[in-house]
Every structure is written in C-alpha cells, then in structure tokens.
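Everything below concerns the one structure shown next.
All residue numbers in this chain count up from 1 along the given sequence. Numbering of ligands and ligand atoms starts at 1, following listing order. This is a predicted model, so every value here is computed, not measured.
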Amino acid sequence: MRHFLSLRDCSAEEIHHLLRRAAELKALHRQGQLHQPLAGRVLGMVFEKSSTRTRVSFEAGMAQLGGHAIFLATGDSQLGRGEPVADTARVISRMVDTVMIRTYGHEMLERFAAYSAAPVINGLSDRSHPCQVLADLQTFVEHCGGIAGRRVAWIGDANNMCHTWIEAAGLLGFDLHIAAPAGYRPDAEAVALGGDRVRLFDDAHAAAEGADLVTTDVWASMGQEGEQADREAAFRDYCVTEALMARAGEGAVFMHCLPAHRGEEVEAAVLEGPQSVVWEEAENRLHAQKALLEWLAA
Ligand code: CP
Ligand code: NVA
C-alpha cells in the first residue's frame, strides 16, 4: 500500500507516469468518454482548513471515475471534539478505500497514515501541497514541454508550495530560483531536498531572469492570518509584476495555485495576462488527482 504525503513518496519515474496518465485522462474527459475504474470505491476527505479547488476536484474526480467521495469537516466530526487521530484513522480506513486529508501540522498526516489501512493523500499541510505541484507539473509540460533542465522561479514566501517545488526540483532535475526576504526563506534542511538545484536570491527580478516558469503564492497562508500586516511589509518587493515577467525567458508562463490576492503577490495584469496559465493549472488538479486516485487504487 502506498501513501502520497509528499512528492518524495514517488520516484521520478512514477511522477512521470502520473503526468502521462493525467494527460490521457484529460483527453478522455474532453472527448466525453466514460472511464470508471473506481466503481464502488469511496474516498474519505478530511478537511481541517478551507478549500475550493481541492474539494471540488477530488469530489468531481471520484464521481467521474465511477466512485464516491465523502466530505468530513473537522468541526463536524469527532476529530474536532478530540477523538485521537490514530483512532479516527483505524475507523475511517476500514470503511473507505482512500483517504485525503487537508490539515495544519504535517505530523497529523504522518500519524494518520501510520494507523491507516487505506492509502492517504496529502491535500495540503503546512509543509507541503504535492497534489497542487503535480497539477502544476502537468501544466508546465502542456505549455513548455519536459521540465528536466529547465528553470523555475519562485517569488515569495517559503511556504508549503515553495517546499514542494524544492522537492520537485531535486526529484525531477530542474533549477529552482527562490526569491524571498530575510526571515521568510527556506531553511537549510528544506533547501537540501533540492540537492544542488536550488539557489536563493534577495532580488525577485534577478531570480526571474531567464525562467521558463514564474510562480508565487499568497504572503500569508491559512493559519497565518494574524501575521498579514507584518508579511505585507516584508514582501512588498516580492510582487510578480509585468516588469518582473519581462525578465523571464521567451515563452515563460506564470502559475499560482490560487486563491490569489491581486495587488499583493501578483499584479492583476499578470494573473489575467497572456503568460498566465492559472485557470488551466486549476483544472489540472482534476486530471492529475484522477491519475493519482487510479494509481493508488491499483
Ligand atoms: N490551490 C488549492 O489547493 O486551492 P483550495 O484551497 O481552494 O483547495
Ligand atoms: N500556501 C497556501 C496555499 C493554499 C492553496 C496556504 O497554505 O494557505
């Protein structure tokens, strides 16, 4: 049994397999062809944080694959009243075939997985968001071709998304240029996951130089709302502007996992501009996760 708590739960070849399968499933879906290998299968989804894309893509994905998804908000379940994660894991995983969890501490996911009889998928933790980067890689391949040897610029907070990009760089062999202000840079342990592929920059424009992909995320992630004012001050020079995009390479694309804060981490003109592939990127959550669900169920 396999879990998908981080990209590093897969080999590079397995990630490439998932990306190829995601493209096939996208094509089938576009052709209106039914593909229901998960008939009778159930996905349990535990959400401790808000979501639009993750919930809808997993729920729609399971329906399209012939299965069913159950939504469980922590506040409405016994988890929210203190039932131990280990007990919840042993109960839920006897009833469903796969579990997806969105939570705060990554340790919660690891603890759940340790007690789970079913594969567990990380639907976002404070440490990583592998489903999103899987969809982002699919989007990159569609627009720019293979990612090995290419350059990705991450502008902004060294958060769960940045951390997952570091893992991807080490696994798939592309250069990752990270621009972040002091106090918000990835620590040495995190950077080491990228091997010699990761370079840190103070200057956002320098990090974007020659990049094939420029990507960013909110300055304050879920759970950091109280730091919004401090973060706005710290990240003032880390907005993805049209001027910054002009430093990127020919044919460069812009991605954002969404939701986006226009005028903070990205200018509206970039988000809505010709280099932005954010809507395709959001749609690819559906296809990439269907590939993942199918693979974990095999
Ligand atoms: N990008 C992403 O995971 O979006 P949601 O928070 O809406 O699920
Ligand atoms: N870094 C963001 C991603 C949201 C999809 C957060 O954790 O809130």
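Looking at E281 and H256, their side chains never bring a donor and an acceptor atom within 3.5 Å of each other. For S128 and N122, the side-chain atoms include at least one donor-acceptor pair closer than 3.5 Å. Looking at E142 and N284, their side chains do bring a donor and an acceptor atom within 3.5 Å of each other.
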Take E265 and T216 through the side chain to side chain donor-acceptor pair (under 3.5 Å) test and state the conclusion after the steps. CA-CA 7 Å; E265 75 276 4; T216 187; over 6 Å; no
Just do the side chain to side chain contact (heavy atoms under 4.5 Å, CB included) check on H261 and W219 with the steps written out, would you? CA-CA 9 Å; H261 293 181; W219 291 340; over 6 Å; no
Go through the steps for E264 and V218 under the test side chain to side chain contact (heavy atoms under 4.5 Å, CB included), then give the verdict. CA-CA 8 Å; E264 291 185 24; V218 291; over 6 Å; no
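Remark: ligand 2 and N160 share an N or O pair separated by less than 3.5 Å (distance only, no angle test). In terms of polar-atom proximity, M222 is not counted as a contact of ligand 1, lacking any N or O under 3.5 Å from an N or O of the ligand. Of the N or O atoms in C257, one or more lie within a sub-3.5 Å distance of an N or O in ligand 1. Annotation: D217 places an N or O atom under 3.5 Å from an N or O atom of ligand 2; distance criterion only. The shortest N/O to N/O separation between S221 and ligand 2 falls below 3.5 Å.
Proximity of Q132 to ligand 1, defined as any heavy-atom pair under 4.0 Å, is confined to the side chain (atoms from C-beta onward). Looking at K49 against ligand 1, nothing comes within 4.0 Å, counting heavy atoms. Residue-level proximity to ligand 2 for D157 is absent, since no heavy atom of it falls below 4.0 angstrom.
Counting protein heavy atoms only, atom 6 (O) of ligand 1 is closest to R102 NH1, 2.8 Å. Atom 2 (C) of ligand 1 has R285 NH1, 3.4 Å as its closest protein atom, hydrogens excluded (heavy atom only). In terms of protein heavy atoms, atom 8 (O) of ligand 2 is closest to M222 N, 2.8 Å. Taking atom 4 (O) of ligand 1 as the reference point, the nearest protein heavy-atom neighbour is R53 NE, 2.8 Å.
Considering only non-hydrogen atoms, atom 5 (C) of ligand 2 lies nearest to L124 out of N159, T54, L124, T164.
Heavy-atom contacts of L258 reach the following atoms of ligand 1: 1 (N), 2 (C), 4 (O) (cutoff under 4.0 Å). For ligand 1, the atoms closer than 4.0 angstrom to any heavy atom of T52 are 5 (P), 7 (O), 8 (O). When each atom of ligand 2 is checked for a heavy atom of L258 under 4.0 Å away, the hits are 5 (C).
Nearest heavy atoms, G156 versus F235: C-CE2, 3.6 Å.
Between Q228 and the choices E232, R231, E225, the side-chain hydrogen bond (donor to acceptor under 3.5 Å, both in side chains) rule is met once, by E232.
Of the charged side-chain nitrogens involved, none lies within less than 4.0 Å of a carboxylate oxygen, so that R151 and D212 do not count as a salt-bridged pair.
Residue R55 places every heavy atom at 4.0 Å or more from ligand 1.
Note on L292 and L38: same hydrophobic cluster, where clusters join Ile, Leu, Val, Met, Phe, Trp and Tyr whose side-chain heavy atoms are under 4.5 Å apart, directly or indirectly.
The aromatic rings of H177 and F201 are tilted relative to each other, their planes meeting at an angle between 30° and 60°.
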